[in-house]
Amino acid sequence: MEVIKISNMTGKLQGFKAISTNTLTNSFCQKMFNTSDDNIICKHCYSAKNLQGMRKNCVSSRQHNSDMLSGGIIPQHMLPTILDAFFRFSADGELINLTHLENLHNIALHNPHCSFALWTKRKDLINKFYGKQDKPQNLILIFSNPRIDEPLQDVPQHFNRTFNTVRKNNFKDIQNCTGQKCRDCMVCYKPDSGVTQIVEAVK
């Protein structure tokens, strides 16, 4: 049995591989998804909708990863070896707890040749964990701003950049994530891209 299940991405993320978890059993995700605030991007979560619909068949693999990553520290000899140059954490799902974060941290350390990108809204977990140790140089942290139409200019501590969503007719002058495939842009995946604010129109 695989300790961690790795997904081949499609659509915008075609060409990338990812380690994802189950949005449907993540209490943070569910709280955000069920909010009454229409300006919270999680209310429009593609992952929750897909896992309840066209991608129900992915739920078991996502839950396997949720259990493995959040339930205990994975021994080093059981960590996956990534053969790619660029890799995404959490294409589906969000950090569950500090154990989850530590396991991703260890996967990055285990694969120093690979550049990992992690999108997260969990500043609380990031600050608690990286307040006590250094972040791996090959781990790019992107703060996923939960609020629509409130793009952040300042990057939170420990993060490399911010990811913001806006309604398509707003902030047109700063929209720079415009629908191309990620492999044709790569701004998010390179620590030295020079871009600290990513802005995408809500689909």
Side-chain angles (χ1 to χ4, degrees), residues 1-9 13 16-33 42 45 47-48 50-51 55-146 155-163 182 188-191:
M1 183 179 68
E2 296 173 283
V3 174
I4 297 295
K5 296 184 181 295
I6 295 174
S7 305
N8 292 305
M9 306 308 296
L13 288 166
F16 284 88
K17 294 178 182 176
I19 293 173
S20 294
T21 54
N22 189 2
T23 313
L24 303 179
T25 57
N26 185 318
S27 59
F28 178 88
C29 290
Q30 286 301 298
K31 178 182 176 181
M32 298 289 277
F33 182 57
C42 301
C45 179
S47 174
N50 284 345
L51 291 176
R55 292 195 172 176
K56 283 184 178 179
N57 62 318
C58 295
V59 170
S60 61
S61 63
R62 302 293 192 269
Q63 187 58 47
H64 170 87
N65 285 348
S66 289
D67 295 340
M68 293 303 299
L69 290 166
S70 68
I73 301 302
I74 299 170
Q76 184 174 1
H77 72 278
M78 296 176 69
L79 294 172
T81 296
I82 307 299
L83 301 180
D84 305 75
F86 301 96
F87 194 92
R88 177 161 178 157
F89 286 141
S90 302
D92 278 332
E94 171 60 274
L95 291 174
I96 299 167
N97 55 25
L98 284 169
T99 301
H100 184 180
L101 177 55
E102 184 169 351
N103 279 318
L104 298 184
H105 169 94
N106 290 341
I107 291 171
L109 290 176
H110 187 63
N111 295 275
H113 56 280
C114 180
S115 179
F116 294 88
L118 169 63
W119 281 252
T120 180
K121 298 174 178 67
R122 299 296 306 269
K123 279 194 295 186
D124 57 330
L125 297 180
I126 295 296
N127 288 337
K128 194 167 187 177
F129 189 77
Y130 287 116
K132 297 179 180 178
Q133 59 218 300
D134 292 334
K135 180 169 67 73
Q137 291 187 346
N138 62 326
L139 175 59
I140 298 165
L141 291 180
I142 302 173
F143 177 64
S144 185
N145 181 2
V155 179
Q157 186 180 17
H158 307 300
F159 287 84
N160 298 83
R161 50 185 60 98
T162 65
F163 184 86
C182 292
C188 292
Y189 294 86
K190 295 181 178 179

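Applying the salt bridge (Lys or Arg N to Asp or Glu O under 4.0 Å) criterion to R88, with sequence neighbours excluded, gives no partner residue. Annotation: salt bridge (Lys or Arg N to Asp or Glu O under 4.0 Å) contacts of R161 (sequence neighbours excluded): none.
For the residue pair R62 / T25, no side-chain donor-acceptor distance below 3.5 Å is found, with atom types taken as modelled.
Smallest separation of non-hydrogen atoms from N160 and L139: OD1-O, 3.8 Å. Nearest heavy atoms, V3 versus H64: O-NE2, 3.0 Å. Closest heavy-atom contact between I6 and P80: CD1-CB, 4.3 Å. Contact between F33 and C42 at its shortest, heavy atoms only, is CD1-O, 3.1 Å. Minimum heavy-atom separation, H105 to D134: CE1-O, 3.5 Å. When all heavy atoms are compared, the tightest approach of N138 to P112 is ND2-CA, 3.6 Å.
By the neighbour-count criterion of 12 heavy atoms within 6.0 Å, atom NZ of K17 is sparsely surrounded, having that number or fewer from other residues, nucleotides or ligands. A 6.0 Å sphere centred on CD of Q76 holds no more than 12 heavy atoms belonging to other residues, nucleotides or ligands.
Contact of the N111 side chain with the H113 side chain is registered, since non-hydrogen atoms from C-beta on lie closer than 4.5 Å. L51 has its side chain within reach of C58: a pair of non-hydrogen atoms, C-beta onward, lies under 4.5 Å apart. Contact of the I74 side chain with the I107 side chain is not registered, since no non-hydrogen atoms from C-beta on lie closer than 4.5 Å. For the pair N22 and C29, the minimum side-chain heavy-atom distance is 4.5 Å or more.
Identified under the salt bridge (charged side-chain N to carboxylate O under 4.0 Å, His left out) test for residues 115-125, with sequence neighbours left out: R122-D124.
With values rounded to the nearest 0.5 angstrom, Y130 atom OH is found 5.0 Å from L101 atom CG. Expressed to the nearest 0.5 Å, how far CZ of F87 lies from OG of S115 amounts to 12.0 Å. In this structure, CD1 on I4 lies 5.0 Å from CG on N65, to the nearest 0.5 angstrom. Atom CD1 of residue I73 and atom CE of residue M78 lie 13.0 Å apart, to the nearest 0.5 angstrom. Atom SG of C188 sits about 4.5 Å away from atom CH2 of W119, to the nearest 0.5 Å. Atoms CD and CG, from E102 and L125 in turn, are 12.0 Å apart once rounded to the nearest 0.5 Å.
Under the side chain to side chain donor-acceptor pair (under 3.5 Å) rule, E94 has a single partner from T120, T21, N26, which is T120.
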Q: Starting from the C-alpha separation in whole Å, work towards a yes-or-no answer on side chain to side chain donor-acceptor pair (under 3.5 Å) for S47 and D92.
A: CA-CA 6 Å; S47 174; D92 278 332; 2.9 Å; yes
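Aromatic ring orientation, F159 versus F143: perpendicular (interplanar angle above 60°, classes split at 30° and 60°).
Not less than 6.0 angstrom separates the ring centroid of H158 from the ring centroid of F129.
Using a distance-only test at 3.5 Å, with no hydrogens or angles considered, a donor-acceptor pair links the side chain of S20 to the main chain of A91.
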